[in-house]
2 protein chains.
Amino acid sequence: MTPRSAKPRPAPTIYDVARVAGVAPSTVSRAFSRPDRVNADTAERIRAIAAELGYRTNPLARALPTGHTSMIAVSSSDITNPYYFEIIRGAQAAANERGYTTLLADSQESVRLEREALERAIPTVEGILLASTRMSDSAIRMTAKQRPLIVVNRDVTDVPTVVTDHAMSVRQSLDHLVELGHRRFTYLAGPEAAWANGMRWRSLRTYAAEHGLQVRRLGPYPPTVTGGVRAAEDFRAHRTTAVIAYNDLVGIGFMKRLISLGARLPRDVSVVGFDNIFACELVTPGLTTVAPPLRTLGSMAVHNLLALIGGAHATTAQPPTLPTRLYVRESTDVPATRKRAWAV
Amino acid sequence: MTPRSAKPRPAPTIYDVARVAGVAPSTVSRAFSRPDRVNADTAERIRAIAAELGYRTNPLARALPTGHTSMIAVSSSDITNPYYFEIIRGAQAAANERGYTTLLADSQESVRLEREALERAIPTVEGILLASTRMSDSAIRMTAKQRPLIVVNRDVTDVPTVVTDHAMSVRQSLDHLVELGHRRFTYLAGPEAAWANGMRWRSLRTYAAEHGLQVRRLGPYPPTVTGGVRAAEDFRAHRTTAVIAYNDLVGIGFMKRLISLGARLPRDVSVVGFDNIFACELVTPGLTTVAPPLRTLGSMAVHNLLALIGGAHATTAQPPTLPTRLYVRESTDVPATRKRAWAV
DNA sequence: CAACTGATGGCAACCGCTTGCCGTCAGTTG
DNA sequence: CAACTGACGGCAAGCGGTTGCCATCAGTTG
């Protein structure tokens, strides 16, 4: 068995460059990290030699004295959730752009795994981005004491956040439905504990009250396709012409079940979801939905986090509420004429 | 503006622990990294004190002299692709289990971004996992010279790989269709450059030849829903009772279009895809598909990579071809009786 | 009882880079 | 022309661990 197959010669260091250039290692270091601190010509010469030698500054070695690792941790409870990876992607793009590398910690819905991953990551990262977390508020505050931290789409007192504008998203979907002629609505609720669920329901009631509309609530249901199917069962006894689902998954399950029961959508019922997941345009009819600015959410979070790392006070961070956008597809239409459209 | 909000007192070091324990720093270090090299009682005492002080060994500092960073890079051309994140997840789980942290590099389909991300990651990682890459074979080999590397689902000479058993996946779907009574098939081809496309088509022909079946090829199409829609257009002029799509996305687009043209599935045409993406069970009819063992693919890749890092020779790595599994849903059924089922 | 041995702990160099501080030297200033 | 100034480079001390080597000492061995 040969010892090891890769990693031939060790990477060149500033000492190698220094020797070739005939200067002190500190000068090489400065040529890169403080170019103004060294003669322009010298710096240029050093850089040329470095390039030729294939020198790249070792981030580990740099991090040791400075604490500047150029890494941030992004923690997500579930990377397979279509809702999150756009956030992650936005975060990653923003981070890369600023010279930062992201350490992705997928906790697979397990609090223990999440803690472990974070625990492991903390010493090497400069900041933490909680894209979706199962941790308690207090655990989050605890973590925030160790590193600059920012949380996305969740409200934790004393911790900087970036969230979407839930009131706006509700307004957009209702404006749309009202314009089509709907007056009575059903909200298919998500998990009680979900912050977004409370926000949506409250906004919904406020809007309804302001516009003299009727809105009724069913649930709570799990935020899944199955949850939507169950909602459809319940819905049969309490119909309205329009339905607002907690999220797209619920909306899709709801439609699927209704169709299998013989309903014709959107003629009989108009449905709108939230999140604009990929599957919205794959199902039939395509699901009208409100899209949170996921990408922006992620990049904004990183910007604020980096500001925090840079020493900004939490309150100086940018306004944390981002606008949403309505995507109209085939699941919404004018309500059917009064004649009973479908039975049972 | 207050200077910075987080990071109060610096983390304790082995020096702090050593002082309290009344031993030399080297002894503290050994108490953790070489417990057999120090008296059991002493080690225990040190560990107790360390725990009390909240000492955690700084991975950066450790990495400097040893080169052992406990990090591996996972590069994916597109994390939003449902096909990849299960691989990533499997990889991440396996890595965590072995005490490794993963550095996720999402290149968003851009070769430049991928190169940059990798470039940045290389100095800090011990190994590289290419979950899906846009790099050329030679670029991959180049990178493999710098760090132990393993690539998933792609065949690159001289580079260790882990792939799914494409012949098997084709066999599974065709066995299923033949059993239902189909004899003539259409393959909706994916991108010419895609390794999997070639594998599938070849396996298909081999299988067809062996069983005396007819198989015809349409395409190539982009591996997307739109590609599937285009395929459906072409298909109208060349029908068969069964269709094998390059992947699920193509299959879904194909079905969608066919239905909108008035076909009734699976009565008129049976469709099977590859990959078993999430949307397969959301669409109507649910898409029968062959699932690659994504999770296993990821974890197996990490296991092999870690073996490589540990000094194993590339050839000692585990067998790299993983079995697939067929998921039967509603998109496949016995062929319609001879009477012309749908026109146009 | 003297020489030998293995277990244990300390010393100090080193990993690659950063940075405060000092020396040198050319260019200014009066 | 002497004193002063600022630009530029070098020196050396870290950053927090790891590890080869040596010293010590109790326990063995003959």
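To find a chain, count down the sequence lines: A is the first, B the second, and so on, and within it residues start at 1. Everything quoted here is computed from the prediction, not taken from an experiment. We use all heavy atoms of the structure for the numbers below, so side chains are in, but hydrogens, waters and symmetry mates are not.
Salt bridge status for B/Arg30 with B/Asp36: absent, with no side-chain N to carboxylate O gap under 4.0 Å.
For the pair B/Asn39 and A/Pro12, nearest-nucleotide mapping onto DNA chain C gives the more 5' position to B/Asn39.
Across all strands, B/Thr66 comes closer than 4.0 Å only to sugar-phosphate atoms, never to a base (heavy-atom distances). Within 4.0 Å of A/Thr13, counting heavy atoms only, lie sugar-phosphate atoms of the nucleic acid but no base atom. Among the heavy atoms of the strands lying under 4.0 Å from A/Val23 are primed sugar atoms or P, OP1, OP2 only; no base atom is included. A/Phe32 comes within contact range of no nucleotide atom at all, as no heavy-atom separation falls under 4.0 Å. B/Ala24 comes within contact range of the sugar-phosphate backbone alone, with a heavy-atom separation under 4.0 Å but no base atom that close.
A donor-acceptor contact under 3.5 Å links the side chain of B/Ser26 to the base of C/dC11. In this model, a side-chain donor or acceptor of B/Arg30 finds a partner on the base of D/dG20 within 3.5 Å. The base of C/dC17 sits with one of its N or O atoms less than 3.5 Å from a complementary donor or acceptor on the side chain of A/Tyr15. Judged by distance alone with a 3.5 Å cut-off, a donor-acceptor contact links the side chain of B/Arg37 to the base of C/dG9.
We find that CD1 of B/Ile46 is positioned 12 Å from C1' of C/dG10, with the value rounded to whole Å. Rounded to an integer number of Å, the gap from CG of B/Leu60 to P of C/dC17 is 14 Å. Atom-to-atom, CG of B/Asp41 to P of C/dA7 comes out at 16 Å; the value is rounded to the nearest Å. Note: CG (A/Leu64) to P (D/dG17) measures 9 Å, nearest angstrom. Taking atom CZ of B/Arg45 as the reference point, atom P of C/dT8 lies 14 Å away to the nearest angstrom. Taking atom CZ of B/Arg34 as the reference point, atom C1' of D/dT18 lies 8 Å away to the nearest angstrom.
The B/Asn58 side chain lies nearest to D/dG16 when the options are D/dC22, C/dG16, D/dG16. Among the nucleotides C/dC17, D/dG17, D/dG16, the one closest to any side-chain atom of B/Arg62 is D/dG17. For B/Ile14, whose side chain is taken as the heavy atoms from C-beta onward, the closest listed nucleotide among D/dG17, C/dT19, C/dG16 is D/dG17. If you check D/dG17, C/dT18, C/dC17 against the side chain of B/Tyr55, the one that comes closest is D/dG17.
OP1 and OP2 of D/dC8 both lie 4.0 Å or more from every side-chain N or O belonging to A/Thr27.
Residues A/Val28 and A/Val23 are in side-chain contact: their nearest non-hydrogen atoms beyond the backbone lie under 4.5 Å apart.
When the options B/Ile140, B/Val111, B/Thr143 are evaluated for a side-chain contact (heavy atoms from CB on, under 4.5 Å) with B/Thr133, the one that passes is B/Ile140.
A donor-acceptor pair shorter than 3.5 Å can be found between the side chains of A/Thr157 and A/Arg141.
In this structure, A/Arg115 places its CZ atom where only 12 or fewer heavy-atom neighbours from other residues, nucleotides or ligands lie under 6.0 Å away.
Base pairing analysis places D/dT5 opposite C/dA26; the two distances defining the Watson-Crick or G-U wobble pair are each below 3.5 Å.
Centroid-to-centroid, the aromatic rings of A/Tyr55 and A/Tyr15 stay 6.0 Å apart or farther.
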